[in-house]
Visitor: 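Got a structure for you, written out below as structure tokens; questions coming shortly.
To find a chain, count down the sequence lines: A is the first, B the second, and so on, and within it residues start at 1.
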Amino acid sequence: MLAIDVKDLRKSFNVQKSRGGLKGAFQDLFKRQYQEVLAVNDISFQIPQGEICGYIGENGAGKSTTIKMLTGILVPTSGHLSVGGYVPYQEREKFVKNIGVVFGQRSQLWWDIGVIESFHLLRKVYRVGEQDFRKRLDELVERLQLQELLSRPVRKLSLGQRMRCELVAALLHNPGIVFLDEPTIGLDIVVKSEIREFLKDMNEQHGTTILLTTHDLQDIEALCSRVIMLDAGSIIYDGGLDHLKSQWGTEREVRFKFGTGHTMTQMQEWTAAMPVRWTVENELSASVWIPLELNVSDVLARVVGQADITDIQIIETNTDEIVRSIYQSGSAERPEIVSADKEAVGAT
Amino acid sequence: MNSAFIDFMRIRFLTMLAYRVNYYSGILIYTLNIGVYYFTWQAIYGSSGEIGGFTAAQMTTYVAVSWMARAFYFNNLDREIAADIRDGSIAIQFIRPINYVMVKMMQGLGEGIFRFLLLMIPGMIIAILLFPVELPTAPSAWIGFLVMLFFSFIINSQINVITGLAAFFVENNEGMMRMKRVVVDLFSGLIIPISLYPDWLSTIMKVLPFQAITYLPGSVFTGRVEGTGIWNVLGIQVLWFVLLLIPMVLIWRQARKRLFVQGG
């Protein structure tokens with residue numbers, strides 16, 4: 001069954017245009033000009049139940065706007081939308097009982113009261129039975145180690161503590177679909193990995209569907225089997241993370257440190273007839289770029305026999321770099337592979 | 001009704017109680033206001049017996065009870081709602097299966113109960129000790145006044161909610177909120193009783209909701225409206241309560257479509 005079904009979803013805002021100067025300010029006073037800004041441009045995707053899907057894109061790409069439409073906060077301009085069997089903005093009160101939302105940048109706990117009081121209040125807001133609530137709360141508190149925090153007022157919590165409490169607040173009513181809008185923003189590495197572990201467990205145990213937006217690609221790598229990438233309101237990639245990596249990470253880098261100096265020509269001779277390219281940092285260190293279809297060990301075998309090597313390092317292209325280059329090119333289509341020879345010549 | 005509503009009321013009450021020292025100065029300010037208006041009216045009355053249907057003694061009582069009623073019904077729901085809309089935290093309210101406006105009303109009521117017990121009653125006792133306030137003797141005046149005071153609170157809060165929700169439609173409703181505050185204080189009869197305005201103006205004010213906030217309950221307390229008259233003025237309050245529900249619901253519905261969450 002589909003947890004989220006989105007078809008040709010669009011949201012545009014009318015933003016007031018201010019004219020410059022004193023004359024412009026006067027004109028604005030009497031007749032305002034509006035500009036239509038397209039935040040989300042006819043996107044379509046489907047997320048089956050139990051999937052963890054990453055939703056990424058640059059600032060202003062339309063991620064938050066999409067999340068706000070999916071959670072019923074914003075009414076779409078056009079398009080079809082179904083989340084957990086409901087149209088979010090239509091039957092709002094029934095719909096929100098089955099979803100949990102965490103906005104990393106906003107708190108949904110009440111600032112002045114104790115954490116546990118906030119939870120009790122949410123129990124009543126969501127009309128969760130006393131017994132279910134107890135069981136669920138104990139489970140979450142133990143899993144996220146919140147025992148000591150429960151009696152503290154929310155305003156006295158650190159960001160990491162608060163974010164763990166926010167997660168509990170969003171999950172107390174045991175929602176089937178969870179939306180996380182930058183849940184790890186501003187957190188330290190320990191808390192980040194705790195939260196990731198927790199989300200993963202929850203997905204495995206309860207089959208919770210999770211849609212996650214983030215700027216931290218490690219979140220995506222740790223959690224998501226699938227990513228949707230957004231740019232300027234349109235989806236530019238939708239698929240597995242592995243696929244993205246293999247499509248964009250076209251070559252691996254092997255970095256050598258030499259005991260004695262070697263020249264570029266020597267290096268090219270070692271790997272003659274192999275479609276690899278060399279880049280030289282200085283006499284004592286150089287890198288060889290090996291296409292995916294070639295075995296790293298084959299190249300190494302050739303080099304190791306002939307060079308005086310003190311250190312070898314194999315570097316996989318990381319997701320950060322892939323995503324950066326996609327953002328820059330504005331498309332997830334595989335770029336043309338630059339011929340190895342040309343590059344090598346240019347580097348000398 | 002969702003049992004969380006009672007909790008929203010209780011929590012607001014307890015929060016106010018925790019900061020109660022902030023409100024002690026409120027008693028002083030309200031007493032000071034009563035004093036200023038008391039002496040002003042004393043000077044205006046001089047030797048004349050009656051102005052606009054008020055005797056000097058009735059005016060003193062009216063001033064005292066009106067300001068103390070304000071100590072109870074006053075709240076900042078308009079500012080709270082406008083702030084929620086401006087900083088975008090209204091988004092959080094939309095993901096909960098509970099009506100935001102009702103939550104705000106219940107929070108206002110929690111604040112009202114605090115203000116009634118810790119501001120209005122002590123303030124009233126001080127005012128009675130300092131100024132020649134005549135308390136009503138008829139039980140009907142007391143009961144009528146207390147019931148009407150509750151409706152004062154509701155009508156004032158409804159006007160506040162409507163003003164606050166206006167932040168959905170204009171970028172900055174600060175001016176509107178300030179104007180509302182002045183209009184409520186002036187047109188409700190807090191500063192000058194409605195019957196003292198020129199005929200044409202008091203006719204206009206009688207078809208506006210504001211007089212239901214201060215002037216009508218004040219008239220009952222001072223004994224200017226008695227017996228079955230109390231039912232009539234209470235009827236006017238109930239009518240305004242129902243009428244004001246209409247714009248509240250309409251604006252709220254419209255706001256759902258207009259929602260533009262600021263700050264991304």
Side-chain angles (χ1 to χ4, degrees), chain A residues 11 13-16 32 37 39 59-60 62-65 67-77 88-103 105-114 117-118 120-127 153 166 169-170 173 175 179 181-182, chain B residues 1-20 22 76 80 83-104 106-107 110-111 114 168-172 175 249 252-264:
Chain A
K11 179 78 192 176
F13 295 109
N14 272 328
V15 179
Q16 196 196 322
R32 290 189 169 166
V37 174
N59 286 328
K63 300 185 303 280
S64 288
T65 307
I67 295 274
K68 278 167 191 154
M69 284 192 279
L70 293 177
T71 50
I73 295 168
L74 287 176
V75 181
T77 307
Y89 57 93
Q90 278 174 1
E91 295 167 276
R92 196 183 65 84
E93 293 204 5
K94 264 196 229 162
F95 160 73
V96 291
K97 280 193 173 183
N98 189 35
I99 63 162
V101 187
V102 174
F103 291 108
Q105 319 225 45
R106 293 187 199 292
S107 178
Q108 60 170 318
L109 301 164
W110 287 269
W111 209 240
D112 286 315
I113 60 178
E117 269 190 276
S118 274
H120 276 290
L121 189 50
L122 284 169
R123 176 185 86 77
K124 289 180 184 166
V125 167
Y126 284 96
R127 296 173 204 246
E166 298 278 351
H173 54 289
F179 297 90
D181 195 2
E182 302 186 29
Chain B
M1 197 169 89
N2 197 315
S3 64
F5 285 131
I6 306 295
D7 271 51
F8 280 110
M9 190 172 85
R10 185 177 60 87
I11 288 168
R12 176 60 71 94
F13 178 80
L14 293 175
T15 314
M16 302 277 295
L17 204 60
Y19 295 108
R20 62 184 168 278
N22 291 358
N76 279 320
E80 291 172 24
D84 274 356
I85 294 168
R86 265 206 302 267
D87 71 16
S89 51
I90 191 100
I92 296 288
Q93 311 299 335
F94 279 102
I95 55 163
R96 294 196 175 127
I98 195 161
N99 185 291
Y100 173 67
V101 173
M102 269 303 280
V103 168
K104 281 324 263 186
M106 291 311 273
Q107 286 180 334
E111 181 171 339
F114 168 85
F168 271 120
F169 304 92
V170 292
E171 232 158 89
N172 190 340
V249 171
W252 179 240
R253 287 217 180 135
Q254 196 56 33
R256 291 276 296 117
K257 286 188 204 134
R258 292 258 332 186
L259 182 61
F260 186 140
V261 180
Q262 309 200 355

Visitor: Side-chain contact test, heavy atoms from C-beta onward, threshold under 4.5 Å: evaluate it for Val125(A) versus Phe8(B) and give yes or no.
Guide: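 Of all side-chain heavy-atom pairs linking Phe8(B) with Val125(A), at least one is under 4.5 Å.
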Visitor: Please classify the contact of Ser107(A) with chain B as side chain, backbone, both or neither, using a heavy-atom distance under 4.5 Å.
Guide: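 Backbone only.
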Visitor: Relative to chain A, which segment of Arg12(B) carries a heavy atom at a distance below 4.5 Å: side chain, backbone, both, or neither?
Guide: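 Neither part.
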Visitor: As a quick check of understanding, evaluate side chain to side chain contact (heavy atoms under 4.5 Å, CB included) for Tyr19(B) and Phe114(B), giving each step before the final call.
Guide: CA-CA 11 Å; Tyr19(B) 295 108; Phe114(B) 168 85; over 6 Å; no
Visitor: Has Arg92(A) got a side-chain atom pairing as donor or acceptor with Phe94(B)'s backbone, closer than 3.5 angstrom?
Guide: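 Checked: pair present.
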Visitor: Under a 4.5 Å heavy-atom cut-off, does chain A meet the side chain of Ile11(B), its backbone, both or neither?
Guide: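 Ile11(B) touches chain A through side-chain heavy atoms alone.
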Visitor: Would you mind checking which part of Tyr126(A) comes under 4.5 Å of any heavy atom in chain B, side chain (CB onward), backbone (N, CA, C, O), both or neither?
Guide: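 Answer is both: backbone and side chain atoms of Tyr126(A) are under 4.5 Å from chain B.
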Visitor: Name the region of Glu117(A), side chain, backbone, both or neither, that has any atom closer than 4.5 Å to a heavy atom of chain B.
Guide: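 Answer is side chain: those atoms of Glu117(A) sit under 4.5 Å from chain B.
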Visitor: Who wins among Asp7(B), Ile95(B), Ile92(B) for the most heavy-atom pairs under 4.5 Å with chain A?
Guide: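 With the most close heavy-atom pairs to chain A, the winner is Ile95(B).
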Visitor: Without swapping roles, check the side chain of His173(A) against the backbone of Arg127(A) for a donor-acceptor pair under 3.5 Å.
Guide: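 No; zero donor-acceptor contacts below 3.5 Å.
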Visitor: Run the side chain to side chain contact (heavy atoms under 4.5 Å, CB included) test on Val103(B) and Met106(B) for me, step by step, so that the C-alpha distance in whole Å, both residues' side-chain angles and the decisive distance to 0.1 Å come before the verdict.
Guide: CA-CA 5 Å; Val103(B) 168; Met106(B) 291 311 273; 5.9 Å; no
